[in-house]
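Predicted model only: the values in this text are computed from it and were never measured.
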Amino acid sequence: MRKQFTSLNGKWLFSAPVLGPQPREILVPFCPESKLSGIGYTDFIGECEYRRTFSAEVPREGERVFLHFGAVDYEATVFVNGEKAGTHRGGYTPFSLDITSLIKSGDNELRVKATHNVSANLPSGKQSKQRDSFGCFYTRVTGIWQSVWLERTPADYIKKVCFFPDAQNGSVDIRLCVEGCGKAEIDILYEGEPAGHAEGEVCARRTFSVPLKVSRLWEPGNGRLYDVVLRYGGDEVKSYFGLRDVRFEGMKFLLNGKSVFQRFVLDQGYYPEGLYTAPDESSMIRDIELAMRLGFNGARLHQKIFEPRFLYHCDRLGFMVWGEFPGWGVEYDDLRALGPVVGEWTEAVERDFNHPSIVTWCPLNETWENLDDPRKVRDVRFVDAMYAITKVLDPTRPCVDVSGGFHGHKTDLYDFHDYLDPVTLEKHLEALERKDELIMDKVYAPDFAGEAHLRYPSGTPTCASEYGGMSYSETNTGGWGYRTCSGEDSFVDNYVRLTSRLLECEKLSGFCYTQLYDVEQEQNGLLRYDRKFKFSQEAMDRIADCNLRRAAIEK
C-alpha cells in the first residue's frame with residue numbers, strides 16, 4: 001500500500017451493443033449484470049466499453065503514474081486520451097499499466113474495452129454458459145468487477161516484496177524487487193513496537209534475513225500480523241506478514257509443527273446484489289465471522305480468485321483458506337488451453353503469495369470428463385503441468401493438483417468429493433482406515449483412475465473437500481441440493497452424523513462442507529443467500545459444537 005493513490009471507483013459511462021446505442025451510467029467496480037451496478041442486465045453481453053474522465057497533473061520529472069485494475073473479465077484493452085495504454089487477458093487477476101507518457105494536465109479520458117465469451121475454451125468458474133443460471137452455474141460477470149486506481153511512484157520504485165517467514169527460528173526473509181539501484185530500509189513492527197530492522201543496497205533484487213525481537217505465531221483464530229514499512233529512495237510501501245509454516249507430515253497437516261484438522265466450509269464468493277463483488281467491506285468480514293461462528297476454521301474459496309481485501313481479513317482473523325483457480329470453462333482434454341490457464345494462475349499465485357491465510361494451493365477442480373462432453377476425459381498432462389508450475393511458483397505451501405476428480409501423477413494431498421449417502425461414505429472411510437485405499441465408485445467418488453489408471457498411493461494425506469450439500473425443505477424455494485432434509489432436527493442430525501464420522505477418521509486431515517450459504521438456485525447452504533440464518537440458535541450451536549470437536553488425527 002502507498003499513500004499516493006487515487007481511487008477511480010464510482011460513476012462511469014457504460015455501453016454495449018446488446019444495450020443499444022445510448023451509454024448508461026454504471027457504478028464501478030460492480031459488473032453490469034449486478035443490481036448494484038445500476039444496470040442489472042443478466043443476458044449475454046459479450047463486449048462492452050467503459051468511459052470516464054479524471055483530473056491529473058503532468059507527472060513531474062522522475063515520477064511515474066500507474067493505472068491499476070483489480071480484475072476485468074475477460075480481455076481488457078485500455079486507452080488513455082485516445083492512446084492505447086495496454087491489454088490484459090484473464091478475468092480474475094490484476095494488471096497495471098505505466099501511463100506516465102499519456103497523462104496531461106487537467107481532464108484525462110480513460111476508456112476500457114472488455115470482451116467476455118464464456119463459451120470459449122477459457123477459465124470462467126461458475127459463470128453460466130446458458131442464458132440463465134442452472135445447476136451449480138450462476139449469473140455471469142462481465143467487465144470490471146474489482147477496484148480501479150491511479151498510483152504515483154518515483155522513477156526508481158519498489159516493484160514487489162515477498163515474505164518467507166521462519167516460525168521455528170522466529171525470523172523472516174524478505175525478498176525485495178526494485179526498479180534501478182539504491183539503498184533500502186525495512187522496519188518491522190508488532191502491535192506498534194519495533195520488532196526487526198534491515199537495510200542495505202539493492203540492485204534489481206535482494207533478499208534480507210531479519211531476526212524478530214518478538215515471535216508471535218499466526219494461528220487459527222489469531223492472525224497476529226507483523227506490520228512492515230519498506231523504503232527505497234523516495235518510495236515508501238507498507239505491507240504485513242504472518243509468522244507461520246505449513247506442511248504435511250505423514251497424513252497430518254501441520255501448522256507451526258502442530259497437527260491441525262482443516263474444518264472448512266465451501267465459499268463461492270457470490271453476493272445477491274453484487275455477484276462477484278461484495279457490497280461493502282463489512283460484507284466480506286461478515287462471511288468470515290459467520291463461518292467462524294459455526295465452528296469452521298477455514299474455507300475453500302471455490303472457483304474464484306477472491307479479492308485481496310477479503311484475504312486480508314482472513315489473514316487478520318486467523319482464518320485458513322485454499323487458494324483456488326476458477327478453472328471450469330476449460331476443456332482439460334485440450335493442452336492448447338494450458339497456456340492461458342498457466343498465465344493467469346501464475347498471476348494469481350504471485351499476487352497472493354504473502355497471505356498467511358492461504359495454506360494450500362488448488363489449481364484445478366473436478367477434472368473428470370469434459371463438462372460439456374463426458375466422452376472426453378481430461379489429459380493427465382494438463383493436471384501434471386499445473387501441479388509442477390504451482391510448486392515452482394511457491395515451494396512453501398502444499399498443493400492439491402485437483403480437488404476431487406481424477407488426480408495426476410503427483411500431488412501433496414489426495415482429495416475426494418462425496419455427496420452420496422452416509423452408508424456409502426462409511427464404506428469409503430472404512431476402506432481408507434482398514435486397507436489404506438480409496439475405493440472406486442461412481443462419479444463424485446474418491447478415485448483417480450481415468451485413462452492413466454492412476455491409483456491412490458498408500459499413506460498419502462487425504463481430505464474430504466466436498467461433502468454434505470444438503471437442502472432444507474422448509475426454506476427451499478424451488479432450488480436444489482444433493483439431498484433434501486425435512487425439518488430442522490433431521491437436517492442437524494444428518495449434519496452431525498456425517499461430520500462426526502469424518503472427524504473420527506484417523507487418516508483424514510480435513511473436510512470441507514458444501515456450503516456456507518445458498519447461491520441462486522443452489523440452495524444447500526447453512527445460510528440463505530442473503531446470509532440470514534436458516535435454523536434456530538440451538539441448531540446452529542449444535543452444528544458449531546460438532547465442528548469444534550477434536551479430530552482423531554489431532555490426538
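Remark: F69 engages F95 in a ring pair (Phe, Tyr, Trp, His ring centres under 6.0 Å) (not counting sequence neighbours). Partners of Y513 by side chain to side chain donor-acceptor pair (under 3.5 Å), not counting sequence neighbours: none found. Under the side chain to side chain donor-acceptor pair (under 3.5 Å) criterion, S509 pairs with no residue, sequence neighbours left out.
Cation-pi geometry between R531 and Y517 is satisfied (NZ or CZ under 6.0 Å from the ring centre, within 45° of the ring normal). Both tests hold for R397 against F353: distance to the six-membered ring centre under 6.0 Å, angle to the ring axis within 45°.
Looking at K258, R263, K252 one by one, the single match for salt bridge (charged side-chain N to carboxylate O under 4.0 Å, His left out) with E554 turns out to be R263. Just one of Y276, F325, W345, F306 meets the ring pair (Phe, Tyr, Trp, His ring centres under 6.0 Å) condition when paired with Y92; it is Y276.
The residues R309 and E307 are annotated as not salt-bridged, no charged nitrogen and carboxylate oxygen being separated by less than 4.0 angstrom. Note on R140 versus D73: no salt bridge recorded, every NZ/NE/NH1/NH2 to OD/OE distance being 4.0 Å or above. Between K410 and D384 there is no salt bridge, since none of the side-chain N atoms of the basic residue sits less than 4.0 Å from a carboxylate O of the acidic one. A salt bridge links R542 with D493; the closest basic N to acidic carboxylate O contact falls under 4.0 Å.
For the pair E506 and I553, the minimum side-chain heavy-atom distance is 4.5 Å or more.
Sorted by first and then second residue, the pairs that involve residues 532-555 and meet ring pair (Phe, Tyr, Trp, His ring centres under 6.0 Å), not counting sequence neighbours, are Y472-F535, F491-F535. Each ring pair (Phe, Tyr, Trp, His ring centres under 6.0 Å) pair with one or both residues in residues 116-140, not counting sequence neighbours, appears once here: F134-F137, F137-W328, Y138-Y270. Annotation: side-chain hydrogen bond (donor to acceptor under 3.5 Å, both in side chains) contacts involving residues 310-320, sequence neighbours excluded, comprise Y240-D315, E281-H313, H313-R316, D315-H355, D315-S357.
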Test S403 against S465 for side-chain hydrogen bond (donor to acceptor under 3.5 Å, both in side chains), laying out the working first. CA-CA 7 Å; S403 179; S465 75; 2.7 Å; yes
